[in-house]
Novice: 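One structure, pasted below without further comment.
Start at 1 with the first residue, then count along the sequence.
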Amino acid sequence: MTEILLILLASIVLAFPLGLYLARVMRGAPMRGDALFGLVEKPLYWLLGVNPARGMSWRGYVGAFLLSNVVIAVLVQAVFMTQAWLPFNPDQIPNMRWDTALHTMVSFLTNTNQQHYSGQAQLSYFAQMTAITGLQVVTPMMGLALAVATLRALFGARPEDVDAQQAAQLSADRRVDVGNYYADVVRSCVRFMLPLCLLWAVLLTSQGVPSTLAAGPQATPIDAAAGMDTQKLPLGPVAAMVAAKQLGANGGGWYGPNSSMPLENPTPLSNALELIGILLIPISVIFMLGAFTGRKRLAGLVFGCMLAMSSVSVAATVWLEGHSATAASPLLMEGKEVRFGADGTALWAAITTQVSNGSVNGMHDSLSPLAGAVPMVNMLVSAIWGGIGCGLQQFFVYLLLGVFLAGLMTGRTPELFGRKLETPQVRLLALLVLLQPITILGFTAITLAIPSITGTSNPGFHGVSQVFYEYVSAFANNGSGFEGLGDATPWWNLSCTLVLLLGRYPVLVIPLIVAAQLAAKRRAPESAGTLQIETPTFALTLIALIVVLTVLQFMPALVLGPVADHLSLTLH
């Protein structure tokens, strides 16, 4: 318990100054390191052919975001399918099969890192360093950029290059300046993400995480019964990738067993560093919210709701994994990480699914059934801390729905920050609410109904949990899985690719559109009849709404999966 409290406390304490710094970075405020960072940023702006000082409408911002994703997608797909002929491939790794390459590319492009491959055996050093680690640095900053653009729409002003007379002649979309997409991504990568990754990589290397371009050595197994004369130990520039995967809320792993592998997570200190890395930036974004917008009470509302849900999630997972009726069952020991104990594995499982990280230090498939249900709920909420940018966007969806419902219940016109929430905005929010169950339950039903093409490995209740978890993880852009599922097949690769796309882009783009529509409306002054959202009462209402939209909406699937699995184990 002490370890859990120390890790959570350290994450919050470190995140506060980091959030204030991030707010300055995203505001474009003058900084002491401008001359140094400019040496990197200015050539990038020239190469992209953009003026970082020129603002964009939401349409231009979203267009730039989608275009950058398409260009990166083509380049990364090419790397995966030609890695056998590219440099830095000392282990002679062959090219990826097209459907696995497609799924891997989309998975890392969407900041999910869901892996249907084993990294040390199917990716070259070059592919790991460029296509994998490169995306782990850039894609979380893309999500952050969309969240910051949403904040500008709600609290910002028209473009600086437009005077009042010109502004009157422009469309509402053009009058709402949401910033410059390229400047937001470049500044956050160069001034924030890369320096932090460098620091974390050095710390992990000091703990024994490999950091080399040399091929792995050959070793002689001690146990001759293993049937191998020699065994090749896979190495590589692992520390840099692990730093980026944890700090960027990416997940995945250099090795197939992920952070349960001693080479990727060798010591208790490296385990603590990786856990803190998972939480650090998502919590920093909440503190950035208050400094960036000047509304500290709003940041307090968001932080309080997320911390309350996080505390309940951690407590439930630790208790269910260590003290529930099925916790001591020998059937659940396969895949357990015994170095850090049940509490350490449960803490990681809770934290990594509260954030859209997805890395593991023990196989979630081997958690007790009810403990395995908590990560599912975490991912269904997707805003306990959430991904970098994505978590804040998803929370704003819940916030707007809460304002709408609270306004109806109290007989007030639903409005947020003096702007009315009307039919067009509610329709867009309803689309997001419906998209999640339609996508997840639809693919789960198809997969369970046609096992001949889907290759479902477990026909029992646990098999329902495996399939449901895989699609929940893909939609939540988390990437963790109930391993034991045979997911390296065309069905799983292609179906999960579609779910990954549906879970990423609408959640990032639609809140920005809603915010821009609200920003284009005339702002009404606050009065005694204005709904106050920055209060404990509204926070409780918001949490209740989140529970209804996630836990209760998916209760039948949870009952057929982990609850039935738990009951079957207790009966036997």
Novice: side-chain contact (heavy atoms from CB on, under 4.5 Å) between M306 and Q354: does it pass, once the steps are laid out?
Specialist: CA-CA 9 Å; M306 290 185 174; Q354 291 172 16; over 6 Å; no

Novice: Determine which pairs satisfy ring-ring contact (aromatic ring centres under 6.0 Å, His included) with at least one residue from residues 1-38, sequence neighbours left out, and list them in order.
Specialist: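 The answer is F16-F287.
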
Novice: Quick one: SG on C189 to CG on L194, what's the gap to the nearest 0.5 Å?
Specialist: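 Reported to 0.5 Å precision, the distance equals 6.0 Å.
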
Novice: Any donor-acceptor pair under 3.5 Å linking the side chain of Q394 with the backbone of C390?
Specialist: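 Between the backbone of C390 and the side chain of Q394 there is no qualifying donor-acceptor contact (under 3.5 Å).
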
Novice: I'd like to know if the side chain of Q436 reaches the main chain of L380, judged simply by a donor and an acceptor atom lying under 3.5 Å from each other, with no hydrogens or angles considered.
Specialist: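 The answer is yes, because a donor-acceptor pair under 3.5 Å joins these two groups.
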
Novice: Has T110 got a side-chain atom pairing as donor or acceptor with S107's backbone, closer than 3.5 angstrom?
Specialist: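 Side chain of T110 to backbone of S107, a donor-acceptor pair under 3.5 Å: yes, one is there.
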
Novice: ring-ring contact (aromatic ring centres under 6.0 Å, His included), that's the test. Do F65 and Y505 meet it? Break it down for me.
Specialist: CA-CA 10 Å; F65 167 63; Y505 295 100; 5.6 Å; yes

Novice: Quick one: salt bridge (charged side-chain N to carboxylate O under 4.0 Å, His left out) partners of D343, sequence neighbours excluded?
Specialist: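 With sequence neighbours excluded, D343 shows a salt bridge (charged side-chain N to carboxylate O under 4.0 Å, His left out) to no residue whatsoever.
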
Novice: Can you check whether P30's main-chain N or O pairs, donor with acceptor, with R24's side chain at less than 3.5 Å?
Specialist: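 Yes; at least one donor-acceptor contact below 3.5 Å.
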
Novice: Using 0.5 Å steps for rounding, measure from the CH2 atom of W348 to the OG1 atom of T317.
Specialist: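 These two atoms lie 15.0 Å from each other.
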
Novice: For the pair Y45 (side chain) and V186 (backbone), establish whether a donor and an acceptor sit closer than 3.5 Å, ignoring hydrogens and angles.
Specialist: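 No, because the side chain of Y45 does not come within donor-acceptor range (under 3.5 Å) of the backbone of V186.
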
Novice: For the residue pair G386 and V355, what are the closest heavy atoms and their distance?
Specialist: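 Closest pair (atom of G386, atom of V355, distance): O-CG1, 3.5 Å.
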
Novice: Salt bridge (charged side-chain N to carboxylate O under 4.0 Å, His left out) with K521: which residues, sequence neighbours excluded?
Specialist: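 Salt bridge (charged side-chain N to carboxylate O under 4.0 Å, His left out) list for K521, sorted by chain: E422.
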
Novice: After noting the C-alpha distance and the side-chain angles of L144 and M193, does the key distance pass the side-chain contact (heavy atoms from CB on, under 4.5 Å) rule?
Specialist: CA-CA 11 Å; L144 176 63; M193 186 66 179; over 6 Å; no

Novice: So, do W254 and I132 sit near enough that their side-chain heavy atoms are less than 4.5 Å apart?
Specialist: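 Heavy-atom side-chain distance check fails, nothing below 4.5 Å.
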
Novice: Could you tell me whether a side-chain N or O of D177 sits under 3.5 Å from a main-chain N or O of G55, the two making a donor and an acceptor?
Specialist: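 It does not hold such a pair.
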
Novice: Stepwise, does the side-chain contact (heavy atoms from CB on, under 4.5 Å) test hold for R191 with D34?
Specialist: CA-CA 9 Å; R191 297 172 184 247; D34 282 346; 2.7 Å; yes

Novice: Side chains of L435 and F475: does their closest heavy-atom pair fall under 4.5 Å?
Specialist: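 L435 reaches F475 side chain to side chain.
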
Novice: In Å, rounded to the nearest 0.5 Å, how long is the span from CD1 of I384 to OG of S356?
Specialist: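 So the CD1 of I384 and the OG of S356 are separated by 12.0 Å.
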
Novice: Testing N477, N357, T139 one by one against T112 for a side chain to side chain donor-acceptor pair (under 3.5 Å), which residue passes?
Specialist: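 Of all the options given, the one that passes is N477.
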
Novice: Distance check, rounded to the nearest 0.5 Å: L67 atom CG versus I72 atom CD1?
Specialist: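 The CG atom of L67 sits 9.5 Å away from the CD1 atom of I72.
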
Novice: Shortest non-hydrogen contact from L508 to G389?
Specialist: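 Closest pair (atom of L508, atom of G389, distance): CD2-C, 4.5 Å.
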
Novice: Only pairs under 3.5 Å count here: list side-chain donor-acceptor contacts from residues 238-245, not counting sequence neighbours, and write none if there are none.
Specialist:
{"unit_1": "K245", "atom_1": "NZ", "unit_2": "G252", "atom_2": "O", "d": "2.8"}
{"unit_1": "K245", "atom_1": "NZ", "unit_2": "N258", "atom_2": "OD1", "d": "3.0"}
{"unit_1": "K245", "atom_1": "NZ", "unit_2": "S259", "atom_2": "OG", "d": "3.1"}
{"unit_1": "K245", "atom_1": "NZ", "unit_2": "E264", "atom_2": "OE2", "d": "2.4"}

Novice: In the structure I gave you, are the side-chain heavy atoms of V25 and M31 within less than 4.5 Å of one another anywhere?
Specialist: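 Yes, at least one pair of side-chain atoms sits under 4.5 Å.
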
Novice: May I ask you to decide if A350's main-chain N or O and T353's side chain share a donor-acceptor pair within less than 3.5 Å?
Specialist: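 Side chain of T353 to backbone of A350: a pair is present.
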
Novice: Measure across A383 and M309 and return the closest heavy-atom pair with its distance rounded to 0.1 Å.
Specialist: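 Smallest heavy-atom distance, with atoms named: O-CE, 4.0 Å.
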
Novice: What are the two closest heavy atoms between V62 and L512, and how far apart are they?
Specialist: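 The pair with the smallest heavy-atom distance is CG2-CD2, 3.8 Å.
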
Novice: Is there a side-chain contact between L301 and L399, using heavy atoms and a 4.5 Å cut-off?
Specialist: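 Contact flag for L301/L399 side chains = yes.
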
Novice: Can you check whether T439 reaches Y471 side chain to side chain, under 4.5 Å on heavy atoms?
Specialist: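 Answer no - side chains too far apart.
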
Novice: Side chains of Q114 and H103: closer than 4.5 Å at any heavy-atom pair?
Specialist: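 The answer is yes; the side chains approach within 4.5 Å.
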
Novice: Under the side-chain contact (heavy atoms from CB on, under 4.5 Å) criterion, do E274 and N265 qualify, and how do the steps go?
Specialist: CA-CA 8 Å; E274 292 187 34; N265 187 14; 3.7 Å; yes

Novice: Would you check if the side chain of R504 reaches a backbone N or O of V106 as a donor-acceptor pair within less than 3.5 Å?
Specialist: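 Side chain of R504 to backbone of V106: no pair is present.
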
Novice: Can you find a pair of side-chain heavy atoms, one from L432 and one from P511, that are under 4.5 Å apart?
Specialist: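 Touching, per the 4.5 Å side-chain cut-off.
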
Novice: Does any N or O in the side chain of W58 come within less than 3.5 Å of the main-chain N or O of V509, such that one atom is a donor and the other an acceptor?
Specialist: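 No.
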
Novice: Strictly by ring-ring contact (aromatic ring centres under 6.0 Å, His included), give each pair with a member in residues 383-405 just once, sequence neighbours left out.
Specialist: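 Those involving residues 383-405 are F303-W385.
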
Novice: Return the minimal non-hydrogen interatomic distance between A308 and I543, and the atom names on each side.
Specialist: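 Smallest interatomic distance, heavy atoms only, reads CB-CD1, 4.3 Å.
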
Novice: Could you measure the distance from the OG1 atom of T293 to the CG atom of L151? Nearest 0.5 Å is fine.
Specialist: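 Answer for the OG1-CG pair, T293 versus L151, is 6.5 Å.
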
Novice: Any chance you could measure D184, atom CG, to M26, atom CE, to the nearest 0.5 Å?
Specialist: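 Here the interatomic distance stands at 4.0 Å.
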
Novice: Got a sec, which residues hit salt bridge (charged side-chain N to carboxylate O under 4.0 Å, His left out) with E3, two or more places apart in sequence or on another chain?
Specialist: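 With neighbours one apart ignored, the set is empty.
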
Novice: What is the ring orientation for H364 with Y469, classed by angle as parallel under 30°, tilted 30 to 60°, or perpendicular over 60°?
Specialist: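 Perpendicular.
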
Novice: Any side-chain heavy atom of V285 within less than 4.5 Å of one from I281?
Specialist: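 In contact.
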
Novice: Could you check whether any side-chain N or O of S473 sits under 3.5 Å from a backbone N or O of S480, counting only pairs where one atom can act as donor and the other as acceptor?
Specialist: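 Yes, the answer is positive, given that a donor and an acceptor are paired below the 3.5 Å cut-off.
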
Novice: So which atom in P52 and which in N180 form the shortest heavy-atom distance, rounded to 0.1 Å?
Specialist: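 Where P52 meets N180 most closely, the heavy atoms are O-CB, 3.6 Å.
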
